[in-house]
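Residue indices begin at 1 and follow the sequence shown.
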Amino acid sequence: MDYQNLFNEGLTFAQFVRTSGTEGESFRRRYHKARVPSDLEDLFSDRFCGHNGLYFLVMLESDCPDALENVPFLVRLAEMIRIPVRLYRRAQTPELKRHFENLGFDRIPTVLVCDGAFSRLGIWQERSRSADAIVQSIKRD
């Protein structure tokens, strides 16, 4: 997959919010409330701030609770360390959805991390295993 062309076609966070109706307003509010703890800010700033060559491509939907919880913070963090972010609605980018599914990632949000040559460095998806275990135990009760 050509991640560079895909990146160029993605939405900025502001565009995503503007085109997401009332759900976009929820993302905007979460973004404005998001704060990066100082220890994380120091850690990421020391390692990545101004790094010319990392990109985040994020597949999500505006009605996804996990996206609402995670993406505004991710965008805030990425801005702080100057990593460009582009967003893609899963329903509107079927080729990206299929690509992630072929890699074994079928949930949202899914964050693809690319280097400066737009080669895939890693993928983060939805929530950590420990957080997922908590959610699953709550659903069982």
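Across all their heavy atoms, Ile108 and Cys64 have their closest contact at O-SG, 3.6 Å. Taking all atoms of both residues into account, the shortest heavy-atom contact from Ala67 to Pro109 is N-CD, 3.6 Å. Between Pro84 and Leu54, the closest heavy-atom pair is CD-O, 3.3 Å. Asp106 and Gln125 make their closest contact through N-NE2, 3.1 Å (heavy atoms, listed as atom of the first residue, atom of the second, distance). Nearest heavy-atom pair, Leu68 versus Pro72, reported as atom, atom and distance to 0.1 Å: O-CD, 3.3 Å. Taking every heavy atom of both residues into account, Leu60 and Val58 meet most closely at CD2-O, 3.6 Å.
Checked options Leu57, Leu112, Thr110; the residue passing with Tyr88 is Leu57 (criterion: side-chain contact (heavy atoms from CB on, under 4.5 Å)).
Within the 4.5 Å cutoff, the side chain of Tyr55 has no heavy atoms near those of the Asp115 side chain. Side-chain contact check for Ile123 versus Phe100: some heavy-atom pair is nearer than 4.5 Å. Between Leu87 and Phe13, some side-chain heavy-atom pair lies under the 4.5 Å cut-off.
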Going through the distances and angles, do Asn70 and Trp124 end up as a side chain to side chain contact (heavy atoms under 4.5 Å, CB included)? CA-CA 11 Å; Asn70 292 299; Trp124 172 85; 3.7 Å; yes
So Asn8 and Arg86, side chain to side chain contact (heavy atoms under 4.5 Å, CB included) or not? Walk me through it. CA-CA 8 Å; Asn8 294 334; Arg86 292 298 180 270; over 6 Å; no
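For Arg28 and Glu25, the salt-bridge test passes: some basic side-chain N is under 4.0 Å from an acidic carboxylate O.
Ring orientation note: the planes of Phe27 and Phe16 are nearly perpendicular, at an angle over 60° on the 30°/60° scale. Classification of the Tyr3-His99 ring pair by plane angle, with boundaries at 30° and 60°, yields perpendicular.
A side-chain donor from one of Thr19 and Arg89 sits under 3.5 Å from a side-chain acceptor of the other.
A distance-only check finds a donor-acceptor pair linking the side chain of Thr12 to the backbone of Gln15 [under 3.5 Å]. No side-chain donor-acceptor contact under 3.5 Å links Glu9 to the backbone of Leu6.
Every pair passing salt bridge (charged side-chain N to carboxylate O under 4.0 Å, His left out) that includes a residue from residues 68-80 is listed here, sequence neighbours excluded: Arg30-Glu69.
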